[in-house]
Amino acid sequence: EAKAKFQSEKIVSQLPTRQTSFVGRDVELTELATMLANVQLVTLLGTGGVGKTRLALQLALEQQKLGAFEGVYFVSLESLTSSELILPTILSTLGLTQQSKTEPLSQLIDFMAGRSILLVLDNLEHLVENVNMLSDLLQQCPNLKLLVTSRERLNLEEEHLFPLEGLAFPLTNATFEEAKNVDAVALFSQRAQQLYPQF
């Protein structure tokens, strides 16, 4: 009965908005989308500040526009202090109330088992020591895709790594015309113009 109720509920995707434009990363977006289409779990791996969250969110926005999934959700894990809070946080993001008599894992499986859903789990690096429940979730929900951003790999059997480095920058002998279209310079120019329109 509970499962039938979940299946009848309408999916409402919610993604955070960004006030700044997305610059560059065209190749990474294409490669990441291709990888995600073929596997269930992709970890976007990189150092702090390299742009993992921004890239993951842009991919989620594009997948939402394409209608590739019934639901696309962004789950921020940065403030969590324990891996035990991951599943309840996912429930909350999906707009579900945790049921006192039902384990969060069972509740999520009931909701997502027959649905095509993309979950972006952002900033998971401080919780990677105990994330086996993500494997359980993936095994029971074959149409679920997880895109994780982390500074550390999850070491799960289903995990496929997508290492991310900084934006491309111009060669030392590049002309101004060549340099201004390179991703790092284009991003710098846009952000500078926000503060100094005459830049």
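Position 1 is the first residue of the sequence; numbering continues from there.
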**Q** For the CG atom of Leu118 and the CG atom of Asn143, what is their distance to the nearest 0.5 Å?
**A** 12.5 Å
**Q** Quick one about Ser83 and Glu129 (side-chain donor to acceptor, distance below 3.5 Å, no hydrogens or angles considered), yes or no?
**A** no
**Q** Checking Val148 against Val131 for the side-chain contact (heavy atoms from CB on, under 4.5 Å) test, could you report, in this order, the C-alpha distance in whole Å, the side-chain angles of both residues, the deciding distance, and whether it holds?
**A** CA-CA 12 Å; Val148 175; Val131 292; over 6 Å; no
**Q** If we ignore hydrogens and angles and just use 3.5 Å, is the side chain of Ser92 paired with the main-chain N or O of Pro88 as donor and acceptor?
**A** no
**Q** CG of Asp110 to OG1 of Thr102: how many Å apart, nearest 0.5 Å?
**A** 7.5 Å
**Q** Using modelled atom types and a 3.5 Å cut-off, is there a donor and acceptor pairing between side-chain atoms of Glu78 and backbone atoms of Asn123?
**A** no
**Q** Judged by atom type as modelled, is there a donor-acceptor pair below 3.5 Å linking the side chain of Glu159 to the main-chain atoms of Asn155?
**A** yes
**Q** Using atom types as modelled and distance alone, determine if a side-chain donor or acceptor of His126 lies under 3.5 Å from a backbone N or O of Leu80.
**A** yes
**Q** Below 4.5 Å, heavy atoms only, C-beta onward: do Val120 and Val75 meet side chain to side chain?
**A** no
**Q** Has the side chain of Gln40 got a donor or acceptor atom that lies under 3.5 Å from a matching backbone atom of Lys145?
**A** no
**Q** What are the two closest heavy atoms between Leu59 and Ala33, and how far apart are they?
**A** CD1-CB, 3.8 Å
**Q** If you compare all heavy atoms of Thr53 against all heavy atoms of Phe74, which two are closest, and at what distance to 0.1 Å?
**A** CG2-CZ, 3.9 Å
**Q** When you compare the side chain of Ile109 with that of Cys141, does any pair of heavy atoms fall below 4.5 Å?
**A** yes
**Q** Less than 4.5 Å apart, side chain to side chain, heavy atoms only: is that true for Leu121 and Ile90?
**A** yes
**Q** Taking atom types as modelled, is there a side-chain donor on Ser76 or Asp122 under 3.5 Å from an acceptor on the other?
**A** no
**Q** Compare every heavy atom of Ile117 with every heavy atom of Phe69, then report the nearest pair and how far apart it is.
**A** CD2-C, 3.7 Å
**Q** Is there a side-chain contact between Met133 and Leu87 in this structure, where contact means two heavy atoms from C-beta onward sitting under 4.5 Å apart?
**A** yes
**Q** Working to the nearest 0.5 angstrom, can you tell me the gap between Leu161 CG and Leu44 CG?
**A** 10.0 Å
**Q** Can you list the steps and then say if Glu158 with Gln139 is a side-chain contact (heavy atoms from CB on, under 4.5 Å)?
**A** CA-CA 9 Å; Glu158 300 85 357; Gln139 289 170 13; 3.5 Å; yes
**Q** Working to the nearest 0.5 Å, report the span between CE of Met112 and CG of Leu137.
**A** 4.0 Å
**Q** Out of curiosity, Ile86 CD1 to Leu134 CG, how far, rounded to the nearest 0.5 Å?
**A** 5.5 Å
**Q** Under 6.0 Å from the CD atom of Gln98, do we count more than 12 heavy atoms belonging to anything else shown?
**A** yes
**Q** Taking all non-hydrogen atoms of both residues into account, name the closest pair between Phe162 and Glu28 and its distance.
**A** CZ-O, 3.7 Å
**Q** Exactly one of Leu124, Leu119, Leu154, Val42 should register a side-chain contact (heavy atoms from CB on, under 4.5 Å) with Leu146. Which one does?
**A** Leu119
**Q** Measuring from atom CG of Leu61 to atom CD of Gln64, what distance do you get when rounded to the nearest 0.5 angstrom?
**A** 6.5 Å
**Q** So do the side chains of Leu94 and Tyr73 get within less than 4.5 Å of each other, counting heavy atoms only?
**A** yes
**Q** With a 4.5 Å limit on heavy-atom distance, are the side chains of Pro104 and Gln107 in contact?
**A** no
**Q** Would a distance-only check, ignoring hydrogens and angles, find a side-chain to backbone donor-acceptor pair under 3.5 Å from Lys52 to Thr47?
**A** yes
**Q** Can a donor-acceptor pair be found, under 3.5 Å and without considering hydrogens, that links the side chain of Thr93 to the backbone of Thr89?
**A** yes
**Q** Are Leu156 and Leu41 packed together at the side-chain level, in the sense that at least one heavy-atom pair is separated by less than 4.5 angstrom?
**A** yes
**Q** Which pair of non-hydrogen atoms, one from Glu125 and one from Arg151, has the smallest distance, and what is that distance?
**A** OE1-N, 3.1 Å
**Q** Just by distance, do the side chain of Thr30 and the backbone of Asp26 share a donor-acceptor pair under 3.5 Å?
**A** yes
**Q** Can you name the nearest heavy-atom pair linking Ala56 to Thr149, along with the distance?
**A** CB-CG2, 3.7 Å
**Q** In the structure I gave you, are the side-chain heavy atoms of His160 and Asn38 within less than 4.5 Å of one another anywhere?
**A** no
**Q** Using a 3.5 Å distance criterion without hydrogens, assess whether the side chain of Thr43 forms a donor-acceptor pair with backbone atoms of Leu45.
**A** no
